[in-house]
Each structure stands twice: as structure tokens, then as C-alpha cells.
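Letters A, B, ... are given to chains in the order of the sequence lines, protein chains preceding strands, and every chain is numbered from 1.
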Protein chains: 2
Amino acid sequence: MKAGDSLKHFTAGMKMTPQRMAILEFLEGNLDHPSADDVYRAVSARYPTMSCATVYNTLETLRKRGGLLELSIDPLRKRFDPNPKPHNHLICTVCRKIVDVHIDYRVELPAETAADFEITGNHIEFYGVCPECKQKAATGNRPEDNG
Amino acid sequence: MKAGDSLKHFTAGMKMTPQRMAILEFLEGNLDHPSADDVYRAVSARYPTMSCATVYNTLETLRKRGGLLELSIDPLRKRFDPNPKPHNHLICTVCRKIVDVHIDYRVELPAETAADFEITGNHIEFYGVCPECKQKAATGNRPEDNG
DNA sequence: ATCTTGACAAGAATAATTCTTATTTGATAA
DNA sequence: TTATCAAATAAGAATTATTCTTGTCAAGAT
């Protein structure tokens, strides 16, 4: 498979439109975990009439087809990951920066814990503080506790 | 420690008010991963003048003190977990039901991958389809693909 | 008694996402 | 090539979750 071609595997039978092609092009090979709004802003630069509903619809269609992973790693918004290889994430709890972790941990759920679920996958989040935020914390401006 | 007493460990120095006590009482021992709105609805049944801002403020105060985990396991809203023991989750991708997984997997990030982050924790999500949703899917009403 | 600080209610404001509706388009088959 | 029709679109209204603002209040400190 050619690099940047992976999403094509999930678009068979989808009606191809200029809008969708622009969205796919933006997503192909994108490792930044963009939000719907990131996609919308990037694509509407070239297609000024692009509607945010179109972006949401296309992302949801791709998600259902398995071409995108919807990540719940940001409490403020959904993030989408077009990286076809299953992987995990390291997240800075201060600035919410996200780093891919390409390690397969092979965690498994014992049958008695799976509670008759049909298991389809897993995702590990590591939490930490990134070097930049550690630096900032060290130089004094630590946030107060208001409790 | 008495069962249902765990949150008390994080409230030292917090000004105690009837509203906060009602919120704490609702959270103590709650294994349902309630959202802010769940807390608000439950507590305002007894305190009709409760403001949603008070709920959000109290939850955020507890979170900062380590008494609550803010879970990003639901793309629609934040969920809060007052269970003080670190644990993982099994999530139905159809109905979003959440089941606690009390297994310690001891996943670790190699130093070269940690990228100078100071690692503070991790969380594993298992994805699957729960028995009820499997049942529904088998009996015919499978959702169409709109792509 | 007054001051200070944190907590409060009420609701406005914001931000992300979904929904609605009329219109247009791409894929299919005639 | 053209007609057809389901699906996709634009535009913006609506919804939902969350945060912010403002004025008030209460408890402890001075």
C-alpha cells in the first residue's frame, strides 16, 4: 500500500464529492489527532462554502467504516485519528499535548471479567507532564488550589 | 477505612456546606461514573436551589485534590469516578455502558518513549459490545451505514 | 464590629455537536 | 447521453455540556 493511501480502503461505495476528497486528503497521513473543527478550518480554506455538518457527517461515516478512530482523550472535544495502525497515547495533563505510543501491550481481559461482552479492541492512555510544562511549573507560576 | 468514607480524605480544609455534603454523599461509593449533570439532577432533588455551577465547582475542586478521576471515556460528556482505587474500564461501543475492570496490568512506558514526560498514571479502555446490544443486533434492527 | 475569603445562586455566555430543510450532486441504469 | 434517485450538501437554527459573571452571603480572622 502506498503511503497516505490507507483511508481509500474504507471509502469503497461512498459517494465521492470534492468536499469529501478534500477532507480525506487532509486526514491522510495526519498524525495530529485533529478535532472536527480542525478539519473544518483546514478544509474550508480551500472550500469556503464547506459546512461543518458535512465535516461531522463525513467523519462519522468514516468512523463507522473503521477508517477513523474517535478518541476520547480530550475532555473538551472529540479527536479523530486516521492512523490505521492501532496504537496508544501519552497525554500531558497540563497542556493536553498528545504523543503517539507505538507499542503493542497485548493486554487481555479474562473471560470472567469480559462479562459476555464481545471484545473488539483496547486503548491505553498514559498520563504525565511534558518537558515544557515541567519547565513552566519549576519557574514558579504554579496554579493555585481554589478548594 | 470505613466503606464509603474515602472522599473524606480529600476534603480536609474545604469549607463544608450543605450543598457540598449532598454532593459528597451522592458520590461516596458510587460506581456509576456519573456525569456532572447526573450529580446535579440527583442532588437538586433534595436541594432545589442547587446551581449547576456549584456542582461543577465542587467536582473540579475534588478533582484537583485527587478525590475524583475525570474520565474521558464518553465523547458526549465528562464522567467522574469517585472510586479511589486505580482501575480500568470496559465500554460498550453501541450503548456506551461502562463496566469497571479491577485488574492491574502494570503497563510501563520505556524511557525512550516517555520523551522526558514525567509519567503519573495510565488508564486502559477495552471496547466491545455488551450482551444486550449483541442481542438487539442479532434480532434484526441493525443500524444502516449511511456512507 | 468589620474585613476577608471562599462559596453560593442565577442565569448569561460559550463551544462543540447535532438537527432541519431545501437544494444539488454523483452513481447507476435506461 | 440522459433521466433518475438516493445520498450529500449548505446554511444556519437548535441542542447540550460546560464555563463565566455578578452580586450576595456566611464563617472565621482581625
Side-chain angles (χ1 to χ4, degrees), chain A residues 7-8 10-27 33-65 67-68 70-80 96 143-147, chain B residues 10-25 33-65 67-68 70-80 96 143-147:
Chain A
L7 281 177
K8 302 274 185 344
F10 300 97
T11 57
M14 277 176 69
K15 193 188 278 189
M16 266 307 135
T17 67
Q19 293 88 339
R20 289 186 161 184
M21 288 169 64
I23 292 171
L24 286 167
E25 192 174 320
F26 175 76
L27 291 176
H33 317 96
S35 68
D37 193 59
D38 292 335
V39 178
Y40 174 67
R41 280 206 305 275
V43 173
S44 54
R46 262 199 297 161
Y47 289 81
T49 72
M50 172 74 62
S51 163
C52 73
T54 297
V55 172
Y56 277 97
N57 289 341
T58 302
L59 293 175
E60 174 65 4
T61 298
L62 283 169
R63 187 191 66 79
K64 279 203 200 142
R65 290 164 164 270
L68 280 182
E70 181 183 298
L71 302 176
S72 296
I73 53 187
D74 182 343
L76 296 177
R77 60 187 69 75
K78 291 180 190 170
R79 304 287 208 105
F80 293 89
R96 303 191 191 278
E144 266 89 48
D145 183 326
N146 70 347
Chain B
F10 300 97
T11 56
M14 276 176 69
K15 194 186 279 189
M16 267 307 135
T17 67
Q19 294 88 339
R20 288 186 161 184
M21 286 170 64
I23 293 171
L24 287 167
E25 192 176 322
H33 316 96
S35 68
D37 193 59
D38 292 334
V39 178
Y40 174 66
R41 280 205 306 275
V43 174
S44 54
R46 260 198 300 161
Y47 290 81
T49 72
M50 171 76 61
S51 162
C52 73
T54 298
V55 173
Y56 277 97
N57 289 340
T58 302
L59 292 176
E60 173 66 5
T61 297
L62 282 170
R63 187 192 65 79
K64 279 203 200 140
R65 289 165 165 269
L68 280 183
E70 180 183 299
L71 302 177
S72 295
I73 53 187
D74 182 344
L76 296 177
R77 60 188 70 74
K78 290 181 190 170
R79 304 285 209 107
F80 292 89
R96 304 191 191 278
E144 264 87 51
D145 184 325
N146 70 347

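Rounding to whole angstrom units, CE of residue B:Met16 and P of C:dA7 are separated by 10 Å. Atom CD in A:Glu70 sits about 9 Å away from atom P in C:dT17, given to the nearest Å. Summarising the geometry, the separation between CE on A:Met21 and C1' on D:dA8 is reported as 15 Å, rounded to the nearest angstrom. A straight line from CZ of A:Arg41 to P of C:dT17 spans 12 Å, rounded to a whole angstrom. Rounded to whole angstrom, the span from the CE atom of B:Met50 across to the P atom of C:dA7 amounts to 14 Å. Atom CZ of A:Arg65 and atom C1' of D:dA7 are 12 Å apart (whole Å).
By the side chain to side chain contact (heavy atoms under 4.5 Å, CB included) test, A:Ser44 is found to be paired with A:Tyr40, A:Met50, residues two or more places apart in sequence or in another chain being considered. With sequence neighbours left out, B:Arg63 forms a salt bridge (charged side-chain N to carboxylate O under 4.0 Å, His left out) with B:Glu60, B:Glu70. Applying the salt bridge (charged side-chain N to carboxylate O under 4.0 Å, His left out) rule to B:Arg41 yields the partners B:Asp37, B:Asp38; only residues at least two apart in sequence or on another chain are considered.
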Short heteroatom pairs, N/O only, protein and nucleotides 26-30 of chain D, under 3.5 Å:
none

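The distance from atom NZ of A:Lys78 to atom OG of A:Ser72, rounded to the nearest 0.5 Å, is 8.5 Å. With rounding to the nearest 0.5 Å, the separation of CE in A:Met16 from CE in A:Met21 is 7.5 Å. In this structure, B:Leu71 CG and B:Ser35 OG are separated by 11.5 Å, a value rounded to the nearest 0.5 Å. Taken from CG in B:Asn57 to OG in B:Ser51, the straight-line distance is 8.0 Å, to the nearest 0.5 Å. Distance check: A:Ile23 CD1 to A:Tyr47 OH gives 10.0 Å after rounding to the nearest 0.5 Å. Taking CG from A:Leu24 and CE from A:Met14, the interatomic distance works out to 6.0 Å, rounded to the nearest 0.5 Å.
Between C:dC8 and B:Arg20, a contact under 4.0 Å exists linking OP1 or OP2 to a side-chain N or O. For C:dA9, one of the phosphate oxygens OP1 or OP2 lies less than 4.0 angstrom from a side-chain nitrogen or oxygen of B:Thr54. Note on A:Gln19: a side-chain N or O is less than 4.0 Å away from OP1 or OP2 of D:dA10. Contact check, B:Thr49 against C:dA9: a side-chain N or O comes under 4.0 Å of OP1 or OP2. Between C:dA10 and B:Ser51, no contact under 4.0 Å exists linking OP1 or OP2 to a side-chain N or O. Under 4.0 angstrom from either OP1 or OP2 of C:dC8 there lies at least one side-chain N or O belonging to B:Thr17.
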Quiz item: Could you write nucleotides 13-24 of chain D as a row of B, S and -, 5' to 3', where a protein heavy atom under 4.0 Å of any base atom gives B, of only sugar-phosphate atoms gives S, and otherwise -?
Solution: ----SBBB----
